[in-house]
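The model shown is predicted, which means the values in this text are computed figures rather than measured ones. Just so you know, these numbers use all the heavy atoms, side chains as well, and skip hydrogens, waters and symmetry mates. In what follows, every chain begins at residue 1, and chains take the letters A, B, ... in the order their sequences are listed.
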Amino acid sequence: MPTTGAPTKLTQGSQARGGIGASTLRPDGTLKVTGEFAFASDMWHEDMLWGQTLRSTVAHAEIVSIDTSQALATPGVYAVMTYDDLPTDVRTYGLEIQDTPVLAHGKVRHHGEPVALVAADHPETARRAAAKIDVEYRELPVITDEASALAPDAVLVHENRDDLPQGPPASDGPGGTPIAGHVPHPNIVHRQPIVRGDVEAARERADVIVEGEYTFGMQDQAFLGPESGLAVPEEDGGVHLYIATQWLHADLRQIAPVLGLPETKVRMTLAGVGGAFGGREDLSMQIHACLLALRTGKPVKIVYNRFESFFGHVHRHPAKLRYEHGATKDGKLTHMKCRIVLDGGAYASTSAAVVGNASSLSAGPYAVDAVDIEALALYTNNPPCGAMRGFGAVQACFAYEAQMDRLAQRLGLDPVEFRQLNAMEQGTLMPTGQPVDSPAPVAELLRRVKAMPMPPERDWESSEGADVRQLPGGLSNTTHGEGVVRGVGYAVGIKNVGFSEGFDDYSTARVRMEVIGGEPVATVHTAMAEVGQGGVTVHAQIARTELGVAQVTIHPADTRVGSAGSTSASRQTYVTGGAVKNACERVRERVLEIGRRKFGSYHPAWATAELLLEHGRVVTDGGEILADLADVLDDEVVEAEEEWRHRPTEPFDPHTGQGNGHVQYSFAAHRAVVDVDTELGLVKVVELACAQDVGKALNPLSVIGQIQGGTTQGLGIAVMEEIVVDPRTAKVRNPSFTDYLIPTILDTPPMPVDVLELADEHAPYGLRGVGEAPTLSSTPAVLAAIRDATGLELNRTPVRPEHLTGTG
Amino acid sequence: MDFLRPASWEEALAAKAEHPAAVPIAGGTDVMVEINFGHRRPDHLLDLNRIGELAEWESGADSVRLGASVPYAAIMENLRAELPGLALASHTVASPQIRNRGGVGGNLGTASPAGDAHPALLAAGAEVEAESAARGSRRIPIDDFYTGVKRNALAPDELIRAVHIKKADGPQQYSKVGTRNAMVIAVCAFGLALHPATRTVRTGIGSAAPTPVRAKTAEEFLNAALEEDGLWDNGETITPSVAQRFADLCAAACNPIDDVRGTAGYRRRAVGVMARRTLTWTWESYRGTRRTLKGAA
Amino acid sequence: MRVSLTVNGRPQEADDVWEGESLLYVLRERLGLPGSKNACEQGECGSCTVRLDGVPVCACLVAAGQAEGRDVVTVEGLADHARQRAEGGGTRGTGGSETGTPLRDAQRWKAEGGDSRTGEGTELSPIQQAFLEAGAVQCGFCTPGLLVMADELLERNPNPADADIREALCGNLCRCTGYEKIMDAVRLAASR
């Protein structure tokens, strides 16, 4: 193979023997600590070219002309491509709605939209050539918010939408556009109402009513490994793409038609992925690299720099949320009304599903019988928004948890006790009417997180004076204790696990067992995108548990095996893990069949006992050893490929939002302790404690890593992270790590974690998806703590020093 | 692009004379960012790393001659006593990796209002030693050095050789506001130096005006107030009203803008808070020193 | 231009280097050492941290020409570097040593297709081993820079307080772990 850094099989044997429940080490860990693990940006091929993308410098404009002649004339340039050079009539793509142009045609709809491509022999040559492409824009007014999107004379972001539901239009929209009932305007991507119970009657019973308006900023996934990949043209006219993504098969489905190739001629192999968090669900440079490779006949590598990465992927939807809650004076919720407006930006991405989550989870982990909910996502000329860890549930949690604190305050109740009074339990009905049919230990998680010991006060004091590293402002030396006030806050959240609303959410796994060097070895082959979460570790553990082997080989993820679905929605351990388990069970059955055939006559237990594979042997459930696997298999190879699905879900009713839309729920609670410099508005998070129910921790070390990582991303959106878009121009103002700040190790506090394991009987091993829930409650807990310290209302996140000092 | 690698200071001056548009590069922490992102494509890069003397410093009777490329890490480690304000400022610069490479010469050359060293240099009092092949060496007082946003008093053929910074004759402090607890560009910054020898105070403000500035009215007010109440001699505390007036005058010396890092209103407020706090810290330190000396005598 | 330098104890040369190239680009694309990572290229993330004449720096901000004649240690050479330190062989100027990746291999290391490898049995430095065991590695993109930085911290300060660890590593961004396991790893390596 001429490609350097192509992923290889990972075999774990001598050092890691643990099955599920053990904290076995990552099979890719040694490669990662020695620098040998090949990330997508490390791929290299002889004679490879470098691809460069020219992006729009304005947010909304007609493209009057594109002149590529000077770029093409640059020595070292092999190809320049624009929309006109696309090989087929399929020139758009999209995960849910196919509305995103491969290259801009006639119009650009957001700042940083891809307009042209260059391939050259050096990245600097490619950059210079791209800069020589002359694009003339005629600027259009920008749609930036709900008011401008729905104004009577609003420009339509997508003037010829063809994704709207068929059937007789409920009314005529601007320009005679047919409008479906639940998408009342073409600048609305999707809308989901949910109504249940008699809200007006319930409202009458309320002793207190709390209303609030909340704003949630645009967060970036900020994975550290920028978008990158290598496309290698193949002799059969196809292309092999080595790529960092979250879902190989979804990429393939979108790429192949644009290239005019059958899916069999587009081979996809997962290259090392430097984090994802939702930002790699949509395509970035995949099609571009393939187009350039097929055009030039040479391998083409594209690596975004950090600036480009901010334009290369979707972000977390910013949101405006309006809530009304009522409660009786003894602290029981009567009703909830809310309206959640998400800014989807210029292209749909996963906005519709985000709307589904935001609406269905908008009441939080609370029992409330009467709800009137509306969530919608807009088309605007802001940066496109889509998937990010927590997916719609994050924005809602920030708002409903603020409401809970305000209600508790109005009622004179302790905020934790008030939440516990209203906490949902197994059997509680969701606003969608769906019963929660597995453990929902909301009150218990709150109890546990509250019971953790508090961190010491004034820990920054020492005999030598104040240690500024432990104070707000840190190394910047802004306070030696002056103005510093402590605050404590709590929050809890609910996240769905897996793909919802009737989506056929399945995974495929191929498991093979054979004897190598006298030892039984299992090989697990899936298309699961390992993005850092530790799925490969868990697959090896499952194979050990189910097949009783020590040595497990993880085959590189590629499209030579069926889809493993997306590494998102906290679903991979559940669904692909379930598929691996299922395939292992099939292999085990076949191995036992072989055993019965060969050795059945020697021992009656082969026919009568429950047989297990343990420690390389076939044993009875009573522990009696029947045979070595090596003897059973000899030179036979047993292989099984299985698809596995979680329980089916149904779509939400478009008008009432009723329906069994979700598979499983995941719960986490946080307690935040902060020190706030109230004069300068600077925050030091002192501790962020978390309690989470994980059903069953397949790998406890990885579970805690997920919880702490998710918690920290929630901390980031609480106090620093925000993509700032200029409301006049819709241009991004801070596309760099200089001005888009993510927490450093000095911003991140100790994070004690209490893991609860209440099995969900519907899930493999009873497990519960882990990755997202901690991102939800961390943010509102930090906000609650800051409110506790300052007494301010703080209806917006992230909180900036301006908001704490009245200088905004 | 040409990469010029002078082996001596004289060669560097000659190269700069021949190519006045050549961009000097030492720590690379500004220049390489611009090159990596295609924001700057100079015809010549002038590497100063091979000129050993630029990374050296000498401590004289009244001042420290600090080579232009002495890394911030070395200032923090070795010059805390002589240049306490600059040492504190150095500690707030970016990350350990950057502090190992970047130096004051780069901050001065770039002359960004957000450069971390500027307020400390203004407060301590300093002169920039600039040199050209044609006209030789000259010293530019720090108060005259900053001429506009990212502009300074250097001529095109000049290079910064060193900075002469007054050795501390009293307590100095430095404080910087950013929205992260480490590795952050200043939203605004404040430096304060007490000069008991001359019975004066000097200030420096960063990121709150088109250039780094001193709060001269505030300095004059405080100088007079300290004198009037005999505080330099009697070592009593500064009253809250004097401290607040000083803080207000420092805030008034700002001419900030709203940008993505912070609002003008916040910058003014933060400069005031930092002025009051650093005054308290330095003055308490001064009083503590006096008491210790008294006790010792 | 041509750039000659010592990397992980081996003399290396790169030809046809564009004058605006960074040391990081030369290491990754010309010398076959992609271990140092390219996450921001503006000194804000620490993923490209290497030792330059012993001092940790961001390789993205060192012009290739500035590395001429200098001694560089990358994550790929960290285990050797740590072993030589442990053997009292000094930590700088390791040029000419017979250990380390041979030049031929270093210029184009390859993860050969078909071979199985997890690196089990690979000799690791104490900090590498501790990162692995403590769960400090998730996606692994920040890991090389953190390892170089943490190794240098322990070289200077074998017994750092938590605040010292945080201060030393505050120039290295990690997006996956929340840093807790990284703290654990450095504590673990220090305790050994």
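Residues C:Asn172 and B:Gln97 form a side-chain contact, since some pair of their non-hydrogen atoms from C-beta on lies under 4.5 Å apart. Side-chain contact check for B:Pro96 versus C:Pro56: every heavy-atom pair is 4.5 Å or farther apart. A 4.5 Å side-chain heavy-atom check between C:Leu61 and B:Val31 finds every atom pair outside the cut-off.
Proximity to chain B involves both the backbone and the side chain of C:Cys60, based on heavy atoms less than 4.5 angstrom apart. Interface remark: C:Thr49 contributes side-chain atoms only to the contact with chain B (heavy atom separation under 4.5 Å). Of the two parts of C:Ala168, only the backbone, made up of N, CA, C and O, holds a non-hydrogen atom closer than 4.5 Å to a non-hydrogen atom of chain B. Of the two parts of C:Leu52, only the side chain, counted from C-beta on, holds a non-hydrogen atom closer than 4.5 Å to a non-hydrogen atom of chain B. For B:His44, no part lies near chain C; criterion is any non-hydrogen pair under 4.5 Å. Heavy atoms of B:Ile25 lying under 4.5 Å from chain C belong to its backbone as well as its side chain. Only the backbone of C:Glu21 comes within contact range of chain B, with at least one heavy atom under 4.5 Å from a heavy atom of that chain.
Across all their heavy atoms, C:Gly65 and B:Asp47 have their closest contact at O-OD2, 4.4 Å. Of all heavy-atom pairs spanning C:Glu167 and B:Arg99, the tightest one is OE2-NH2, 4.2 Å. Between B:Asn49 and C:Gln66 the shortest heavy-atom distance is OD1-NE2, 3.2 Å.
Within 6.0 Å of the CG atom in C:Asp16, the count of heavy atoms belonging to other residues, nucleotides or ligands does not exceed 12.
Across B:Arg101, B:Glu34, B:Arg50, the residue that shares the most heavy-atom pairs under 4.5 angstrom with chain C is B:Arg101. Ranking C:Arg166, C:Met149, C:Glu152 against chain B, the residue ahead of the rest is C:Met149, based on heavy-atom pairs under 4.5 Å. Contact tally against chain C (heavy-atom pairs below 4.5 Å) for B:Ala26, B:Pro42, B:Ala73, B:Ala94: the top residue is B:Ala26.
Using a distance-only test at 3.5 Å, with no hydrogens or angles considered, a donor-acceptor pair links the side chain of B:Asn36 to the main chain of C:Glu41.
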